[in-house]
Amino acid sequence: MKRLFTPYTNTIARATALGVPLLVLIAGGFGRMWLDSSYETGVGEAIDQPVPFSHEHHVAGLGIDCRFCHLSAETSSVAGVPATEVCMTCHSQIWTNAQMLQPVRDSFEKGQPIQWVRVNDLPDFVYFDHSIHVAKGVGCAECHGEVHRMPMTWKAQNLHMTWCLDCHRDPEKQLRPKDVVFSTDWFSGARAKLGAEIARENKVNTKGLTNCSTCHR
Amino acid sequence: MSQAQLDQSVDLEALRAKLAGKQGRQYWRSLEELAQTPEFRAYVDNEFAAGAPEWDDRFSRRSFLQIMGASLALAGLSAGCTRQPEEKIVPYVKQPEYVVPGKPMYFATSDVLAGYGRGLLVQSNDGRPTKIDGNPDHPASPGPFAPQKAGMTFGAADIYAIASILGMYDPDRSQAVKYLGEYNTWTAFTTVMSNAAEKIGTQQGQGLYLLTETVTSPTLIAQMQALLAKYPKAVWTQHEPVNRDQSRQGAMLAFGEDAQAVYHFDRAARIVAVDSDFVTTGPASVRQAHDFAAGRRVRAGIAAGEMNRLYAVESTLTSTGATADHRLALSPAEIDRFVRLLAAKLGISVGQVEPGAVDAEFVEVVAQDLAEHAGRGLVITGEGQPAHVHALVHAINEKLGNHGPNRPIEFIEPVAASLDQGQSLRDLVKAIDQNLVETLIVLGGNPVYNAPADLSFKAHYEKVQTRIHLGLYEDETAALSHWHIPQAHLLESWSDARSVDGTVGIIQPLIAPLYNGKTAHDLLTVLLGEGGRNGQRLVQDYWKTQISGAEFEKAWRKALHDGVVPGTQRAAKAVTAKAAVDLPRLSAARAANDQVDIILRPDPSVWDGRFANNGWLQELPRPITKLTWDNALLVSPATARDLGAKNGDVLDLTSGAYRLAAPVFITPGHADGCMTLHLGYGRMRAGHVGTNVGANAYALRQTDQPWVVRDVKVAHTGRTHQLVDSQKHHSMENRDLVRGGTLDEFLHNPASIAKSHHEDNLHLSLYEPYKFTGTQWAMTIDLTACIGCNACTIACQSENNIPVVGKAQVAVGREMHWIRVDHYYSNDANHPDPNQPESEFQPVTCMHCENAPCEVVCPVGATQHSDDGLNDMVYNRCIGTRYCSNNCPYKVRRFNFLEYQRPVAESLQLMQNPNVTVRMRGVMEKCTYCVQRISAARIGAKKRGITDPSISAGGDEDYNILDGEVVTACQAACPTQAIIFGNMNDPSSQVAQSRLPHQPHNYGMLTELNTRPRTTYLARVRNVHPKLAAATHEEHY
Amino acid sequence: MNQTHADNAHAGGDQAVTLYGLLAEYQDAEALVAAARRCREAGYTAMDAFSPYPIEALDEALGIGRTRLPLFVAVAAVVGGLGGYFLQYYTAVIDYPWMIGGKPLHSWPMFLPITFECTILVAGLAAAVTMIALNKLPEPYHPLFNVPEFERASQDRLFLCIEASDPKFDAVKTSAFLTELGAREVTHVYP
Amino acid sequence: MEMPKRSRMQVLKHGHDFESVTHIVSAFPLTKRPPRGWFLAFGAAFSLMLVLMYSVGVLFLKGVGVWGINIPVAWGFAIINFVWWIGIGHAGTLISAILFLFRQDWRTSINRFAEAMTLFAVACAGLFPLLHLGRPQKFYYIMPYPDTLGLWPQWRSPLVWDVFAVSTYGTISLVFWYVGLIPDVATMRDRASNRLVKTIYGIMAMGWRGSARHWHRYQTAYLLLAGLATPLVVSVHTVVSFDFAVSNLPGWHTTIFPPYFVAGAVYSGFAMVITLVLPVRAIFGFKDFITEKHMNNMAKVMLATGLIVAYGYIMELFMAWYSANPYEQAVFFQTRWQGPYAWSYWSLIACNIIIPQLLWFRWVRLNPYVLWIVAIIINIGMWLERFVIVITSQHRDFLPSSWDSYWPTVYDYTLFLGTLGLFFSLLFLFIRVLPMISIFELRELVAHHTQEEAWHGANTGEVPPGTGAARGETET
């Protein structure tokens, strides 16, 4: 009768025996990498907004301070997104009939708020407080990135819990002097050393910074 | 004999025998394990088969496939790696300058119970009122005894005030003007009204009748007077189911004129409560409980005279009775007798009185004790007692000199108009019979539901030509009215209200009317032909007439800010009692075995029925019975045995022409020969929550016997009704959970009363105990102060977005309250009778154990300890093994067995506290010590700390939270300050001062398990009268 | 013998190159063991016996040494145990220390169960995998399967095979030798 | 038929040769078309499995609230079933491993079957820890893997130990079972006529050809696996018992749990083996392989373990009394003896302690019908034991105020029945496609017998090798 298996089936058999477990491992590795990739996190993706607002223009170009629009960054948990009013303080004078600003004017006249799309969206069970981070010397740019280079705003960090923890465990590297907290293009070669000083100055203390209830309630 | 039978039998002899065997305090065995009755099983089964309202369980053929699919799909495994849905940010168009997004604001206002105002402090998040506390500046909602070092000061509040936030957002509220049941408009109504007004004007208001509830709002009264001036023949009737008719007549009898008593319990050393639940019932209860507790702050080093003593004589066991040092349960008739005996003992002529069933020694002791503390005693009787009892009590107080300036009792001109509401409603009905009533305007209230049965108001109301109703709901009255106008909730209204002592609180809106409701003011402006005047102007204009123009602006702003108008309380009024009160003959005792007296009382949860649609209140376990979602005939075990009634048996009650069927609930401590039924149930048109819940006690109520219906015939219907209570077992099983003793014992050896059974309280462990440095949160609960009023439970529910799960879920033991008030019956040498046990309250919440058993068994670390000593619960990490709950000896953890938070209505989402995660199905939750408040305080303190020289960079912590900066929701609400919270490592903090070693009677529950709870208790101290105490009093719980 | 001729024909002449070996079938275990022993004494090395059930005596007869398999398993056990403990120690003490129930971070007694399980798991898997690997399995094709009778080696027959690769191998002599050792039948095996 | 005692007590009836045993065992998997009976049985089991799927579907859509659980009784049928199934899953590996180490030749004809049973029981058990979660879609939080949260399992939790123990047990049992199968699959490969079937068996056999060198390593590996599996069996139920013993709940917090859980597991495991093997033996004509000796020995093991379990019960009570711990005493002497669930406690005592005493009698051990009924009763008893432990302890613990009760719903019951369906579906498939008895080990027995015969001459009731007598029985 015909033989059941031919010689080369041995090769196939052994290849599968070794290959399948190997493939599983590799797939797992890639899966993990994908979680951190921007495909998953959306880091660096410019997001369409009802009004094509350019931080690049307003921050780098006009040198407007973050707090001019994000009023409560120093005082409240939320930094605050500017009321239409704030836009109109300038745009009632300049670019008064620019087409792209039509939605702003409409909003102001009709009293209908502009619906911006959230760029940095933390899950609802995470409670982040801007004021304390600013007070302790964590610059806006640490999380929001080089906003002055963003014609359309995008997410600068993956906002994974691991990423939060990195800083909560060892904040010094992310600290900066008071005067440059709101600057997005500040750079220093000696951050580690500088950070240690600022940590002392602002009495940064990591006790309890990795407790669950620090961010989750 | 099985446990089940033992529990179910009401064989008192057997129980007495059992108890006789044991010496010392024994805790009493519950009469029935609800779960073992077959009807319970039947109930639960068909709940699951038919599907409880919370979750429909019937599947179509299509959904069958869906289900099979789900079982294969393993429910969204991919959830781990998918992006969140896009979210929108919606900023202001014009941002009000005082608003800081993300920062809550507080506004002072008032709410109204039974017509009287109570101060509120309302928290508003981004324009949404989210939480209600008392206004400490308002006399009806006092703040802490000792001023806080720092932080926001809250006043206490009762469950009605706190839960009114849910009332405002209630999606069932009426949302549109209706005419003959059809949608209509306010403008249409106003035009119709103004035309009608002209016609009415021509006949000087002839035929115009207005029906309000008790009114204390100066502005509204002014409007009414204006109206009556304009239409002299118009008639203003007032009807409030819970009014002061009896007190009024009592005062008339005693003084020949009406006068309203204001009680200062803090001035009283001896208190006798004659059928008066002054600590939890009525618009003044919060104040009264607070003052009462001020005299019971048992701390190390107090002197014997510093604790007051409370004697309670009542028929139905109330919080007051449970809190009392001595309690005597008497039927209504016997209470009358008791008061006469007491009066006689104190030398007031009451004629010949036989002691009857009243314990003579008790009377003797009370009389003597009162006499010894003449001028510092307070005898109070409740609205439920007939006028002559009130009169006698006035006489007694007068005799003892308890009246007068700076005495426990002061009299003032009645705050509300002094009229006999029963009579005024009777007159209205008569007028209808005589066809005098052309237009009846019901300004709030629900007379069709809550008028006494003998007036058959429903039938009469329908005879009126034009019926106009202003109300929060499309209720029973609305259904029979031509016009129904949706009423604005007080949190949406401009108005004002006088508190029980007359102080005026300004009512200001926290949000524009959700359902464009109107106020009584608005409606009256229409009648007065001044339509369009808005509420703010109205109230402001009224007060312009009261406060001289110059400093008005300042005064007005201050009044708005403080919530009260200074100097508006009623002046004291001198009264003298007549020499003798002419008394009716004592009513005979129980006529026949199948006849009982039915005692009617406002419900401890839904009051007179106006809160029937409030889910929080319906699900709130009633103080003693722990019953939820129902009222019932409360009856003593002995009487239940006489009637052969078991829990849940539906009895048929007949009093003359009036009948009612209601289920029985056996309540030890209730007087024999009578039953108590609470008002406010059996609503036919309350809303999704409150309709068809319980039995309508108004069906038995009669104008001549509003509070006690005598000689009601009782018959078995053979039916049973499922009564659901959140606590099935009221016996402490001889475990030392609630500890305590007498004042003497405390003074003699404070530690002794907190002694544990278990000598083995050594904290043995394989490991080094953890060192807790820096800020460490802890809570102390004072069992002497706790009155079981449930304010803490409701406050917690409001603060922490705790869902309502419904009757079916409570029935299977799935209630969600983070803090519950356990209630136990106890017997000791003084109270050997299981029919009349003593009562203990014990609030239980997460103990935040230092060696938390729950943490060890969680496989994913969803619950773990924080550095400031909190037992954190991380909902988004929880996978719902429920192991933590099994391992929690205190059973304080709550589980979302089903999707309890499914948004039922958008309005209810607006109500939620933005700083607390809303829990999803399948996760565990529990008390967090209000971690959101702690976090807010910590962040504030950290910011302060940067510039604070007292904090060093290398220190243990970079912040210092001052005592009082963190106040938990339960602590803020507690009227008696029984809950103390703070940093136990700060030696000066109140909580540190309330723990060992400062307070030797501080103990932790179940510490023999080495859990090291952070929540500890101050043992309960009873100020027992030596003559009423047993000779050898070896306290042994 | 006609069977053998058939094979020659199919192999097409030049057999010395392609012949895999000679397969001899024996009556019972004793005969097989005896034959094996004789072959070994005769100096044959590249040979193997086949039976439907394990026959201990063959090990000695064929001179099969003790296998290294237990060593692999032992190593695996140690690796598994240490790995399991380290995983717990690293995650609970170093990577993210949690305060759990007032217990120390390194509460070793509670780490033991998992350490044990890991030991067993890795060792057990190693035992199976090394057995298969050392036996050079999977090997679905083998020249012996070309012999129709051989399918009864897994049922009720006993075989001895001397491979052509053996230096002493000679198709004719060896075949004769096997027959004289009591073989029921000797078959030429071709790849 | 009348037979002298000695031959009656053999592990393998005389007169079998390699061919006969091979044929009898491999016959059913190789028949073209199985009898209608098999289809009926499998169909019944499978429809029960559909019930499982429905129940699970409802569970996933609605949440664990469809069960009767509540606070304080947060664990219900799910955990009871889990422990019950795991317990049953202990006999297989025990028989294969421990009896193998002790060189008990009577294990031969039942170990394959018992191992298969173990696998399927563990498969059923494995479902429950997943299903009983409030959020099953997040079950992977228990596994240690480098997530984006930087979080790990909480290693002090017995539930994590459980995950490791059960998955290890499942894996090792599977490996053990498969290794044992290799030579037999080779046999099937060589006996099968259908080419496809041949190929499938061929792939499974990995080219096994019975080489002496292979056999040598094979046996070493098998011995080592047995050596590893033995402590594993003990550890698994020990860890399961930790779920309870490590907690502080009165009635759970007991040091006697590990030993008496293990004993209980073996107890229920053997009960289940008997429940399944006796019918199989009758239907497939394995009376010659699964003899009275097997019944006798298995019954004895049950009796022994049953007595250990009884000792466990008594010790619990004694310690409760001796410790003078009021909570312990309340649980044992009030809740369990008199409480609303007392019926479960007393029927458990009846099923697990009183009735099994019948096994002292030889005729009971040797009478398949009586033995079978006793085994069934023990299965029920062991389920009740878990019910008593899980439910009664929880429903009345420290604070009387939180005392409540537990009543299972239809979804609790369907879930349990459903897993029975799953178990039997798998079992019937196994019977259909794989040899139920380890053939090569039977051959070893045959070989030993022939040796024996060589030594002490001819035997009674001898049948000439390879004649129809043995085969004839397969027609029954």
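Values in this document were obtained by computation on a predicted structure and should not be read as measured data. Below, all heavy atoms of this structure are taken into account, side chains as well, without hydrogens, waters or symmetry copies. Convention: sequence-line order gives letters A, B, ...; per-chain numbering from 1.
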Answer yes or no: are there more than 12 heavy-atom neighbours, outside [X] itself, under 6.0 Å from its atom [atom1]?
| X | atom1 | value |
| --- | --- | --- |
| C/E180 | CD | yes |
| C/R38 | CZ | no |
| C/Y85 | OH | yes |
| C/R68 | CZ | no |

Rounded to the nearest 0.5 Å, how far does CH2 of C/W98 lie from SG of B/C858?
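With rounding to 0.5 Å, SG (B/C858) is 8.0 Å from CH2 (C/W98).
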I need the B/Y770 OH to C/L105 CG distance, nearest 0.5 Å.
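It comes to 7.0 Å.
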So which of C/P104, C/G101, C/S107 has the biggest tally of heavy-atom pairs under 4.5 Å with chain B?
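Top option by heavy-atom pairs under 4.5 Å: C/G101.
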Side chain, backbone, both or neither: which part of B/Q864 has a heavy atom under 4.5 Å from chain C?
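The answer is both parts of B/Q864.
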Identify the two heavy atoms, one from B/T863 and one from C/I100, that lie closest to each other, and give their separation to 0.1 Å.
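Here B/T863 and C/I100 meet closest at O-CD1, 4.2 Å.
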Please evaluate residues B/F772 and C/M99 with respect to the criterion side-chain contact (heavy atoms from CB on, under 4.5 Å), reporting the C-alpha separation (whole Å), side-chain torsions for both, the decisive distance (0.1 Å), and the verdict.
CA-CA 11 Å; B/F772 291 93; C/M99 197 203 298; 3.9 Å; yes
Is there a side-chain contact between C/K103 and B/N851, using heavy atoms and a 4.5 Å cut-off?
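No; the side chains remain at least 4.5 Å from each other.
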